[in-house]
2 protein chains.
Amino acid sequence: MALEHAILVSLLEQPGSGYELARRFERSIGYFWTATHQQIYRVLKRMESDGLLDVRDVPQERRPDKKEYSVAGPGRTALSGWLHEPIEPESLRHDLAVKIRGAAFDDPAALLDEVERHHRVHSDRLAHYLAGELRDFTGPGALGPLDAGQELQHVVLRGGIAYERMTVAWLDDVLTTLHRLGAADPRI
Amino acid sequence: MALEHAILVSLLEQPGSGYELARRFERSIGYFWTATHQQIYRVLKRMESDGLLDVRDVPQERRPDKKEYSVAGPGRTALSGWLHEPIEPESLRHDLAVKIRGAAFDDPAALLDEVERHHRVHSDRLAHYLAGELRDFTGPGALGPLDAGQELQHVVLRGGIAYERMTVAWLDDVLTTLHRLGAADPRI
DNA sequence: TCGTTCTATGCAACTGGTTGCATAGCAAGT
DNA sequence: ACTTGCTATGCAACCAGTTGCATAGAACGA
């Protein structure tokens with residue numbers, strides 16, 4: 001279960017509450033792992049009772065109190081153990097590809113709107129990643145010489161950028177193909 | 001649940017048994033959707049009892065009998081309905097990226113073997129996809145003018161190729177980064 | 001004849017993750 | 001006063017998918 005490990009990494013980078021983790025999973029960590037707040041709260045509770053995490057009640061002004069989690073010794077050990085285990089290279093699960101092949105048995109042109117919508121989402125993500133890279137790594141106000149952790153964060157971000165760039169280019173290809181099929185189809 | 005829809009598409013392209021579907025999910029369809037045989041058998045059974053599929057007992061010589069499934073009318077309707085519904089652009093779940101960020105809290109160089117292994121797997125997949133493209137679409141013995149279904153299969157395959165190419169290039173980047181960090185680290 | 005491999009199907013138990021709902025403090029606007 | 005919105009946490013029910021195991025016919029080689 002990689003969610004545990006993603007949480008360990010995130011809490012090592014910066015301790016925080018379940019709520020804060022959920023927001024990180026919509027941002028940086030979430031670029032390559034997603035989780036809902038319910039799932040996060042449940043896993044945090046289990047990890048704490050397994051001794052992987054420490055909790056601390058933090059009273060706050062102007063907002064409800066929170067529980068701040070941080071990684072305990074056994075949590076670090078567990079992460080280290082996982083890092084040394086091999087994992088399976090993951091396989092894609094790409095709904096849109098299923099749809100595109102399915103369109104052969106329906107009207108291909110009906111997919112145009114859907115593909116354009118996905119194109120916009122991925123273009124936006126790409127722009128967002130590039131802005132983050134500029135801010136943190138390559139821009140004028142960016143960090144100076146990077147430590148290992150920052151280098152690794154950057155190479156992961158470059159992976160996200162490469163993925164979104166590739167996806168946008170492929171969706172262009174899909175759109176061209178759909179238009180070509182539509183032009184050849186007198187129904188359109 | 002996209003497994004149902006992936007099965008509908010696959011059975012429309014070619015009727016077959018659960019066993020045959022499981023093998024297709026290791027090949028063409030499996031490039032962008034995976035499923036185990038247990039999951040496939042269970043879903044087939046449900047889809048059949050829901051009236052989406054027809055079954056036919058096929059006695060075979062030299063091997064056990066099989067049940068051949070094909071798409072029934074309501075199955076086609078269900079697929080068509082799904083094709084016209086919008087779906088969420090999917091987000092990545094990339095264990096290796098979690099590991100790479102986690103390596104900052106362990107020994108980055110220890111990841112080299114793992115990353116190289118993933119690199120080999122993705123290079124192999126790329127070669128496999130390219131061979132399939134040459135055989136079916138771009139080579140001398142390939143199909144002549146393509147119909148819409150074949151065009152769509154090709155554009156999905158091009159997506160797989162683009163994904164694997166991008167991944168291999170990114171893993172090169174990761175390896176370079178890990179080597180750089182290792183060289184700067186007196187432990188190595 | 002015995003083990004292995006391939007085709008072919010399936011059950012049971014479990015895990016991970018989603019969805020829907022609920023609660024509560026506090027701030028800011030209308 | 002009322003609503004909206006953000007922070008913050010959680011339960012319960014459900015669903016999808018994995019893992020481990022089991023069965024069985026047939027081919028094939030040692």
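All of these numbers come straight from a predicted model, not from anything done at the bench.
- Between A:Thr34 and A:His37, the residue whose closest nucleotide on DNA chain C is further toward the 5' end is A:Thr34.
- The side chain of B:Pro64 approaches D:dG25 more closely than any other nucleotide in the set D:dG25, D:dG17, C:dG17.
- In this entry the distance linking NZ of A:Lys67 with P of D:dT7 reads 19 Å, nearest Å.
- Donor-acceptor pairing under 3.5 Å, judged by distance alone, is absent between the side chain of A:Arg23 and the base of D:dT7.
- Phosphate proximity of D:dG10 to A:Lys45: present, with a side-chain N or O under 4.0 Å from OP1 or OP2.
- Atom CD of B:Gln39 and atom C1' of C:dG10 are 13 Å apart (whole Å).
- Rounded to whole Å, the distance from CD on B:Glu90 to C1' on C:dT18 is 16 Å.
- Considering only side-chain N and O atoms, B:Tyr19 lies nowhere under 4.0 angstrom from the phosphate OP1 or OP2 of C:dT9.
- The heavy-atom pair separating A:Arg24 from A:Leu11 by the smallest distance is NH1-N, 4.2 Å.
- A:Gln38 comes within contact range of at least one nucleobase, with a heavy-atom separation under 4.0 Å.
- Rounding to the nearest 0.5 angstrom, the gap separating the CG atom in B:Leu92 from the CD atom in A:Glu164 is 7.0 Å.
- Between B:Arg63 and B:Arg93, the residue anchored nearer the 5' end of DNA chain C, judged by the nucleotide with its closest heavy atom, is B:Arg63.
- The listed nucleotides are C:dC11, C:dT18, D:dG17; the one nearest the side chain of B:Arg42 is D:dG17.
- Listed pair B:Tyr41 / C:dT9 meets the phosphate criterion, a side-chain N or O lying under 4.0 Å from OP1 or OP2.
- Here A:Lys66 does not reach the OP1 or OP2 of D:dC6: none of its side-chain N or O atoms lies under 4.0 Å away.
- Spacing between atom CD of A:Glu68 and atom P of D:dT9 amounts to 10 Å, rounded to whole angstrom units.
- A:Leu130 places none of its side-chain heavy atoms less than 4.5 Å from the side chain of A:Leu134.
- When rounded to the nearest whole Å, the span between CZ of A:Arg56 and C1' of D:dT9 equals 18 Å.
- Comparing D:dG17, D:dA12, C:dA24 by their closest approach to the side chain of B:Leu3 singles out D:dG17.
- Atom pair A:Arg46:CZ and C:dG16:C1' shows a separation of 9 Å (rounding to whole Å applied).
- Nucleotide D:dA16 holds its C1' atom 14 Å from the CZ atom of B:Phe25, rounded to whole Å.
- Rounded to whole Å, the distance from CG on A:Leu21 to P on D:dG10 is 13 Å.
- Which of D:dA16, D:dC11, C:dA8 sits closest to the side chain of B:Gln60 comes down to C:dA8.
- In summary, A:Glu48 and A:Lys67 do not engage in a salt bridge, as defined by a charged side-chain N under 4.0 Å from a carboxylate O.
- Distance from the side chain of A:Thr36 is smallest for C:dT19 among the nucleotides D:dG10, C:dT19, D:dT7.
- Taking a cutoff of 4.0 Å between a charged side-chain nitrogen and a carboxylate oxygen, A:Glu133 and A:Arg158 do not qualify as a salt bridge.
- A side-chain contact (heavy atoms from CB on, under 4.5 Å) with A:Pro89 is found for exactly one of B:Val121, B:Leu96, B:Thr167, namely B:Val121.
- Nearest nucleotide to the side chain of B:Glu20, out of D:dA16, C:dG17, C:dA8: C:dA8.
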